[in-house]
Amino acid sequence: QVQLAESGGGSVQDGGTLTLSCVPSRRPFSRSVYAWFRQAPGKEREFVALIRSRGTSELYADSVKGRFSISRDNPTNTVYLQMNSLKPEDTAIYYCAVGSEYSSNSRAYEDWGQGTQVTVGS
């Protein structure tokens with residue numbers, strides 16, 4: 001089991017920028033996939049972005065494509081979510097997750113962080 005610690009959430013105005021960080025408790029297995037999901041009040045958890053622990057494969061939800069960027073720092077095992085041009089509809093709790101399958105389905109991920117709140121004012 002991997003414990004994940006997210007940070008970097010906060011409150012910004014429409015058009016603002018935030019960068020989220022996710023630090024795992026141990027080095028990931030070579031075939032691990034890291035993903036960000038989000039859940040807004042009254043809505044289901046939805047996929048945001050994913051990246052493999054090795055290589056450069058990335059995947060984004062259509063709603064964030066061109067505005068968000070996922071990346072990782074191998075020496076520290078940290079995964080980042082750079083969020084630009086934020087909109088009020090991006091307001092949600094953002095969760096980091098790790099799994100072994102390249103998938104946008106939340107069921108493919110075994111380990112989850114506690115989440116970090118992102119609030120975008122209009």
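Owing to the predicted nature of the structure, the values given are computational and were not obtained by experimental measurement. We're numbering straight along the sequence, starting at 1.
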- Message: Are V2 and V33 linked, directly or through intermediate hydrophobic residues, by side-chain heavy-atom contacts shorter than 4.5 Å (ILVMFWY only)?
- Response: no
N/O donor to acceptor pairs below 3.5 angstrom from side-chain atoms of residues 17-26, sequence neighbours left out:
| residue | atom | partner | partner atom | Å |
| --- | --- | --- | --- | --- |
| T19 | OG1 | Q82 | OE1 | 2.6 |
| S25 | OG | Q3 | N | 3.0 |

- Does D14 reach the side chain of P88, with side-chain heavy atoms less than 4.5 Å apart? yes
- Query: Taking all non-hydrogen atoms of both residues, which atom of A92 and which atom of Q117 are closest, and how far apart?
  - Reply: O-NE2, 3.4 Å
- Query: Side-chain heavy atoms under 4.5 angstrom apart, residues restricted to Ile, Leu, Val, Met, Phe, Trp, Tyr: same cluster for Y94 and V12?
  - Reply: yes
- Note on the structure: On a heavy-atom basis, the closest approach of G99 and Y109 is N-CD2, 3.4 Å
- Is atom CD of Q114 surrounded by more than 12 heavy atoms (other residues, nucleotides or ligands) closer than 6.0 Å? no
- Message: For a 4.5 angstrom cut-off between non-hydrogen side-chain atoms, does R38 reach L81?
- Response: no
- Note on the structure: Heavy-atom nearest pair, N74 first then S53, reads OD1-O, 3.9 Å
- Heavy-atom distance under 4.5 Å between the side chains of R67 and Y60, does that happen here? no
- Message: With rounding to the nearest 0.5 angstrom, report the OG to CD distance, S106 to E44.
- Response: 8.5 Å
- Query: Rounded to the nearest 0.5 Å, what separation is found between the CZ atom of R52 and the CG atom of L59?
  - Reply: 10.0 Å
- For T91 and A40, which heavy atoms make the closest approach, and how far apart are they? O-CB, 3.6 Å
- Item | C96 backbone acceptor or donor facing E6 side chain under 3.5 Å | yes
- Same cluster for I93 and Y80 if Ile/Leu/Val/Met/Phe/Trp/Tyr side chains link at under 4.5 Å? no
- Test side-chain contact (heavy atoms from CB on, under 4.5 Å) applied to W112 and R45, step by step: CA-CA 12 Å; W112 293 80; R45 190 169 297 189; 3.2 Å; yes
- Closest contact, heavy atoms only, S71 versus I51: CA-CD1, 3.9 Å
- Message: Show, in sequence, the C-alpha distance, side-chain angles and deciding distance for Y95 and L4, and conclude whether the side-chain contact (heavy atoms from CB on, under 4.5 Å) test is met.
- Response: CA-CA 9 Å; Y95 298 90; L4 302 167; over 6 Å; no
- Honestly curious: do L50 and F68 fall in one hydrophobic cluster under the side-chain, below-4.5 Å linking rule? no
- Determine, for K87 against D90, whether the closest basic-nitrogen to carboxylate-oxygen distance falls under 4.0 angstrom. no
- Message: Is it the case that atom CD in E89 sees more than 12 heavy atoms from other parts of the structure closer than 6.0 Å?
- Response: yes
- Task: Name all residues meeting the ring pair (Phe, Tyr, Trp, His ring centres under 6.0 Å) criterion together with F47; count only those two or more places apart in sequence or in a different chain, and write none if there are none.
- Result: F37
- Query: Y34 ring centre to R72 NZ or CZ under 6.0 Å, with the angle to the axis within 45°?
  - Reply: no
- Message: Could you see if W36 belongs to whatever hydrophobic cluster contains M83? Use Ile, Leu, Val, Met, Phe, Trp, Tyr and a side-chain cutoff under 4.5 Å.
- Response: yes
